[in-house]
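Below you'll find the structure, written out as structure tokens, and then a few comments.
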Amino acid sequence: MARILTGIQSSNIPHLGNLLGAIIPAIEMSKDPANNSIYFIADLHSLTSIKDAEFRRESRYAVAATWLAFGFDTDRNILFKQSAVPEVCELTWYLSCFMSYQRLQLAHSFKDKSENLADVNAGLFTYPVLMAADILMYDTNIVPVGKDQKQHVEFTRDLAEKMNHHYQQEIFVVPQEKIDENVMVIPGTDGRKMSKSYNNFINIFLPEKELKKTVMSIVTDSTPLEAPKNPDTDNVFALYKLLGTPEQVADIRAKYLAGGFGYGHAKTALLELILDKFKEQRDAYNRFMNDKAMLESELKKGADKARAIGTPVLDRVRKATGF
Ligand code: ADP
Ligand code: TRP
């Protein structure tokens, strides 16, 4: 049984890029009976950049509601919020005392962020050690992450080996990252990579009227309605292609090529496709967001299971280090 673990930032409602690029593939992976998946909301990490308490709370619910709406099975797997098992902060301390300061200074992600952010706090600097604690606390074998997080998993592996070697015992399971090199890059409403940072994202959970506004804002060229259009250079078609069945996509492609089919028509078709394809998930998401008690109880169930796995690991560390 391989234990798969990954952390999900709790910053805002997951968008279509997050869903197609990360959430849906992770849920698919969790269905393999040979795997046991632990997915958690990295709310402690979010404090490095987000200071607004209400925003953190709401984003946490939104992330949990999304995973549940897309069918993540929390009976067989674990979904929890990082801060519900604060013992991870204790483990962070032990790991910090084995983490080389010089090596942390070389972290790409810190360098990037510290050059671009106004608030360069110590939490941002020690971020990879908390991440290592997340991974090592739950005897993780595999960590699916984006390329930007690869180095953090390497730090984690080195820390595990360093402490195992120092104390001459198998305190930690040594984890391995899993980078999906061919993960699709989902384009946003302006054709660039869909991202919160570019404000070009589609939130599929919006009420129909607002969702329509987002879809209508997709950038297109000025080919007149009557003229034939090239589907392969159009942002609306690019999104339609990712969501439609092969028959639906072939049908719309033919309409582009024939002419007499305007971008307004294409956008309406895309909106209908989103509403139809995600009907069940949109309904479930809204139901869950209106039932915070249910979300809390799901997250608590996950935290209890996570703690049961994490406590013996932490005990191994305490014992080995003489506490
Ligand atoms: P954002 O760029 O909106 O801040 P994050 O960096 O929080 O998104 O991404 C969370 C997860 O979603 C990551 O695993 C990332 O690879 C995936 N993801 C984000 N945007 C896209 C996209 N446009 N296409 C594919 N995957 C994406
Ligand atoms: N740092 C990760 C990100 O920015 C989130 C994260 C926190 C994480 N802890 C983790 C990912 C542990 C994998 C394993 O996306």
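Counting starts at 1 for both ligands and their atoms, following the listed order.
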TODO: Could you check atom 1 (N) of ligand 2 against the protein and tell me its nearest heavy-atom contact, residue, atom and distance included?
DONE: Tyr127 OH, 2.7 Å
Open item on the list: Can you confirm whether the side chains of Gln82 and His45 place a donor and an acceptor under 3.5 Å from each other?
Closed with: yes
Task: ring-ring contact (aromatic ring centres under 6.0 Å, His included) partner of Phe72, the single match among Phe288, Trp67, Phe80 - done: Trp67
TODO: Looking only at distances, please establish whether an N/O atom of ligand 2 is found under 3.5 Å from an N/O atom of Asp134.
DONE: yes
Task: Ile135 contact mode with ligand 2 (heavy-atom cut-off under 4.0 Å) - done: side chain
Open item on the list: Strictly distance-based, threshold 3.5 Å: is any side-chain N or O of Arg316 a donor or acceptor partner for the main-chain N or O of Ile171?
Closed with: yes
TODO: Below 4.0 angstrom from a heavy atom of Met131, which ligand 2 atoms are there? Numbered from 1 as shown, please.
DONE: 1 (N), 8 (C), 9 (N), 10 (C), 11 (C), 12 (C), 13 (C)
Open item on the list: As a test of understanding, state which of Asp234, Asn230, Thr223 forms a side-chain hydrogen bond (donor to acceptor under 3.5 Å, both in side chains) with Tyr256.
Closed with: Asp234
Open item on the list: Has Asn286 got a side-chain atom pairing as donor or acceptor with Arg282's backbone, closer than 3.5 angstrom?
Closed with: yes
Open item on the list: I'd like to check which ligand 1 atoms, numbered from 1 as shown, lie under 4.0 Å from a non-hydrogen atom of Val185.
Closed with: 24 (N)
Task: Side chains of Leu239 and Ile218 in contact at under 4.5 Å (non-hydrogen atoms) - done: yes
Open item on the list: If we only consider heavy atoms of Gly146, is any one of them less than 4.0 Å away from an atom in ligand 1?
Closed with: no
TODO: Find all atoms of ligand 2 within a distance of less than 4.0 Å from any non-hydrogen atom belonging to Thr6, and give their numbers and elements.
DONE: 11 (C), 13 (C)
- [ ] For the pair Asn200 (side chain) and Ser195 (backbone), establish whether a donor and an acceptor sit closer than 3.5 Å, ignoring hydrogens and angles.
- [x] yes
TODO: Have a look at ligand 2 and work out which part of Gln149, if any, has a heavy atom under 4.0 Å from it: side chain, backbone, both or neither.
DONE: side chain
Task: His45 neighbourhood, listing ligand 2 atoms whose heavy-atom distance to it stays under 4.0 Å - done: 7 (C), 9 (N)
Open item on the list: Test your reading of the model: is there a side-chain donor-acceptor pair from Asp73 to the backbone of Lys31, 3.5 Å cut-off?
Closed with: no
- [ ] Using modelled atom types only, decide if a donor and an acceptor are shared between the side chain of Asp43 and the backbone of Ser83 within a distance under 3.5 Å.
- [x] yes
- [ ] Give a yes or no answer on whether the side chain of Lys267 reaches the backbone of Met216 with a donor-acceptor pair at less than 3.5 Å.
- [x] yes
Open item on the list: Counting only heavy atoms closer than 4.0 Å, does ligand 1 sit against the backbone of Ala22, its side chain, both, or neither?
Closed with: side chain
TODO: Would you mind checking which non-hydrogen protein atom is closest to atom 2 (O) of ligand 1, with the distance to 0.1 Å?
DONE: Ser195 OG, 2.8 Å
TODO: Using a strict cut-off of 4.0 Å, indicate which atoms of ligand 1 neighbour a heavy atom of Gly21.
DONE: 25 (C), 26 (N)
Task: Selected option - heavy-atom contact closest to atom 22 (C) of ligand 1, from Ile8, Ile186, Val145 - done: Ile186
TODO: Going by heavy-atom distance to atom 26 (N) of ligand 1, choose the closest among Gly17, Pro25, Gly188.
DONE: Gly17
Task: Non-hydrogen atom of Met184 closer than 4.0 Å to ligand 1 - done: yes
Task: Under-4.0 Å heavy-atom contact with ligand 2, by part of Leu130 that carries it - done: neither
Task: Cationic N near anionic O, under 4.0 Å, Asp315 to Lys319 - done: no
- [ ] Give a yes or no on whether atom 7 (O) of ligand 1 lies under 4.0 Å from any heavy atom of the protein.
- [x] yes
- [ ] Give a yes or no on whether the ring-centroid distance for Phe125 and Tyr101 is below 6.0 angstrom.
- [x] yes
- [ ] Using a strict 4.0 Å cut-off to heavy atoms of Met194, name the atoms of ligand 1 that fall inside it.
- [x] 20 (N), 21 (C), 22 (C), 23 (N)
Task: ligand 2 versus Val143: contacting region, heavy-atom distance under 4.0 Å - done: side chain
Open item on the list: What I want to know is whether Ser197 and ligand 1 share at least one N or O pair that is separated by under 3.5 angstrom.
Closed with: no
TODO: Consider every N or O of Gln9 and every N or O of ligand 2, then say whether any pair is closer than 3.5 Å.
DONE: yes
- [ ] For atom 5 (C) of ligand 2, find the nearest protein heavy atom and state the residue, atom name and distance (0.1 Å precision).
- [x] Gly7 O, 3.7 Å
- [ ] Among all protein heavy atoms, pick the one closest to atom 12 (O) of ligand 1 and tell me residue, atom and distance.
- [x] Asn18 ND2, 3.1 Å
- [ ] Could you check if a side-chain atom of Val145 sits within less than 4.5 angstrom of a side-chain atom of Lys178, using non-hydrogen atoms only?
- [x] no
Open item on the list: Counting non-hydrogen protein atoms only, what is the nearest one to atom 4 (O) of ligand 1? Give residue, atom name and distance.
Closed with: Lys196 NZ, 3.1 Å
Open item on the list: Looking only at distances, can you tell me whether any N or O atom of Gln9, backbone or side chain, sits closer than 3.5 Å to an N or O atom of ligand 1?
Closed with: no
TODO: Say whether, by atom type as modelled, one donor and one acceptor occur between the side chain of Gln168 and the main chain of His165 under 3.5 angstrom.
DONE: yes
- [ ] Considering only protein heavy atoms, determine whether one is less than 4.0 Å from atom 15 (C) of ligand 1.
- [x] no
Open item on the list: Rounded at 0.5 Å granularity, tell me how far CE in Met184 sits from CG in Leu20.
Closed with: 5.5 Å
